[in-house]
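Below, chain A is the first sequence line, B the second, and so on; all start at residue 1. Basis for what follows: all heavy atoms, side chains included, without hydrogens, waters or symmetry-related copies.
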Protein chains: 2
Amino acid sequence: MTTLSARKKAAIIDAAIDLFQKNGFQGTSMDAIAQLAQVSKRTVYNHFPSKQALFEHIAHTVWQTANQASKACFKLEEDLEPQLMALALQELALVGDESFLRLSRVLMAEFIHEPAMAQAILERFSQEESSLTQWMQQAKLHERLNIADAEQAGALFYSLIKAQAFWPQIMFGQATIPTSQHQTFARQVCTMFLAVYGKTEAL
Amino acid sequence: MTTLSARKKAAIIDAAIDLFQKNGFQGTSMDAIAQLAQVSKRTVYNHFPSKQALFEHIAHTVWQTANQASKACFKLEEDLEPQLMALALQELALVGDESFLRLSRVLMAEFIHEPAMAQAILERFSQEESSLTQWMQQAKLHERLNIADAEQAGALFYSLIKAQAFWPQIMFGQATIPTSQHQTFARQVCTMFLAVYGKTEAL
DNA sequence: TTAAAACTACACTTTGCAGTTTACTTTTAA
DNA sequence: TTAAAAGTAAACTGCAAAGTGTAGTTTTAA
């Protein structure tokens, strides 16, 4: 059995995510968090020195979650499409995860007001994407794709996924894409991507 | 020369947009707005009965701006691609406009926390998009495109544009796409869209 | 079993902000 | 030119929320 202290801490974090998402950072009071977590306010402050610290702890969690995912590795011997499919499905699994979305929503809301923070995260994101960028670079070098700018190609690939599977969910609370449709969806993404960067395979 | 009162009002609105964007609705005080607008707080309240009213005035402005744009009308006699290009360029012009982005950012930040408000706006947006949906419907009826669901096709079309030209700008402060690249960008969007919904034109 | 660590309720200080009131000055329009 | 419409500074009310202090209770781990 987990210790009482640990359970309380988890409850605080959970309550904070809930309220930050509903009301934003500014709109959430420590009293409200304590109440929802069924914990005295003093306990909240025992675990986190300030509201800001609590928020940053949550932000860090999102960050780690996002970084678990995504490893791209170019395989010369394999066909391109199955490789792209795998990458798309990987990203879909991440953005299709309710808890990841929930956390992302909390962060995105604050990003709009914090260009500096957003910029910092963006750079990390592009590090994550750099694994894809390298993949694109390889595909270019081996003349398997019609790529001029590998970074741009990678960005397009992910944005095709996010266009339908991330942004509408974040902003308008649209339902996530059911797992049963991931295959179809990923194929559509690959089709569109290859329409731009694919070598003409006719003949 | 505009009246003093009108100038003051404009200054208030401008300051409000600025601060709402930077700090959000909750994070912006009427005192701060008054100060930035170089106006006494009482004057702010003379023009707008409450902070909420001021916000809604701004929201209404965004709404009108967005609705100026976008009229789709299917033309049987014309080729599809130029028509799609025109639609893409039209949308690009809207989301590429700095002042529209600035206003959108203010709204989007609040949307994340207000699913009800977001839903309401989404419905309006889809009304706007319904003009595109009808276009898609026509294209389907005349068997010019391989469309099963016209609404879905319309949504995809706009989301392809927003994925690169709207969301990154809103969330991460990324630079808008320069007008000089609108043509290229629109063509890419059309290519991708037609890869999914186009009739095979080979032979 | 016992001392330290963690929890609790609750009162408290400080600060910031929405919105009002007041007493006075400037702008406008007839 | 003059009255009313609109602007001004500054003090004020009332409230909500960040964070602290205290005194007492429960949990934990040795």
With heavy atoms under 4.0 Å as the rule, sort K8(A) into base, sugar-phosphate or nothing.
->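 Sugar-phosphate: the residue K8(A), judged by heavy atoms under 4.0 Å, touches backbone atoms but no base.
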
Contacts of type salt bridge (Lys or Arg N to Asp or Glu O under 4.0 Å), residue D97(B), not counting sequence neighbours = none

Without decimals, in angstroms, what is the distance between [X] [atom1] and [N] [atom2]?
| X | N | atom1 | atom2 | result |
| --- | --- | --- | --- | --- |
| F48(B) | dG7(D) | CZ | P | 11 Å |
| N46(A) | dG19(D) | CG | C1' | 12 Å |
| Y45(B) | dA9(D) | OH | C1' | 16 Å |
| F55(B) | dA18(C) | CZ | P | 14 Å |
| K41(B) | dT20(C) | NZ | C1' | 9 Å |
| L4(B) | dT26(C) | CG | P | 13 Å |

Which comes earlier along DNA chain D counting from the 5' end, the contact point of S50(A) or that of T43(B), where each point is its nearest nucleotide?
-> T43(B)

Listed pairs under 3.5 Å, donor-acceptor, residues 183-193 of chain A side chains, sequence neighbours left out:
{"residue": "R187(A)", "atom": "NH1", "partner": "E81(A)", "partner atom": "OE2", "Å": "3.4"}
{"residue": "Q188(A)", "atom": "OE1", "partner": "Q164(A)", "partner atom": "NE2", "Å": "3.3"}
{"residue": "T191(A)", "atom": "OG1", "partner": "R187(A)", "partner atom": "O", "Å": "2.8"}

Computed from five pairs at either end and rounded to 10 degrees, the angle between the axes of the helix from dT1(C)-dA30(D) to dA30(C)-dT1(D) is 30°

Would a distance-only check, ignoring hydrogens and angles, find a side-chain to backbone donor-acceptor pair under 3.5 Å from K51(A) to F25(A)?
->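 Pair found, side chain donor or acceptor close to backbone of F25(A).
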
Contact check, side chains of M108(B) and W167(B), non-hydrogen atoms, under 4.5 Å =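 In contact.
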
Would you jot down, in residue-number order, the residues of residues 17-36 of chain A having a non-hydrogen atom under 4.0 Å from DNA chain C?
->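 Within residues 17-36 of chain A, no residue comes under 4.0 Å of DNA chain C.
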
At less than 4.0 Å, is any side-chain N or O atom of [X] found next to OP1 or OP2 of [N]? Yes or no.
| X | N | result |
| --- | --- | --- |
| S5(B) | dG7(D) | yes |
| T3(A) | dA6(C) | no |
| H47(B) | dG7(D) | yes |

Pair F166(A)-E91(A), side-chain contact (heavy atoms from CB on, under 4.5 Å): steps then yes or no = CA-CA 10 Å; F166(A) 185 68; E91(A) 182 74 3; over 6 Å; no

For residues 132-144 of chain A, run the donor-acceptor check on the side chains, cut-off 3.5 Å, and write out each pair with its distance to 0.1 Å, sequence neighbours left out.
{"residue": "T133(A)", "atom": "OG1", "partner": "E129(A)", "partner atom": "O", "Å": "3.0"}
{"residue": "W135(A)", "atom": "NE1", "partner": "Q83(A)", "partner atom": "OE1", "Å": "3.1"}
{"residue": "K140(A)", "atom": "NZ", "partner": "A148(A)", "partner atom": "O", "Å": "3.0"}
{"residue": "H142(A)", "atom": "ND1", "partner": "Q138(A)", "partner atom": "O", "Å": "2.9"}
{"residue": "R144(A)", "atom": "NH1", "partner": "L76(A)", "partner atom": "O", "Å": "2.9"}
{"residue": "R144(A)", "atom": "NH2", "partner": "E78(A)", "partner atom": "O", "Å": "2.7"}

CG (L194(A)) and CG (L145(A)) are apart, to the nearest 0.5 Å, by 6.5 Å

How many angstroms lie between NE2 in H47(B) and OG in S5(B), if you round to the nearest 0.5 Å?
->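 Here the interatomic distance stands at 4.0 Å.
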
Side chain of K51(B), base of dG19(C): donor and acceptor closer than 3.5 Å?
->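 Between dG19(C) and K51(B), which were checked side chain against base, a qualifying N/O pair under 3.5 Å is absent.
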
Check: R42(B) side chain, dG7(D) base, donor-acceptor under 3.5 Å = no

Less than 3.5 Å apart, which donor and acceptor atoms pair up between the side chains of residues 10-24 of chain B and the rest of the protein, not counting sequence neighbours?
{"residue": "D18(B)", "atom": "OD1", "partner": "R102(B)", "partner atom": "NH2", "Å": "3.2"}
{"residue": "D18(B)", "atom": "OD2", "partner": "K22(B)", "partner atom": "NZ", "Å": "3.3"}

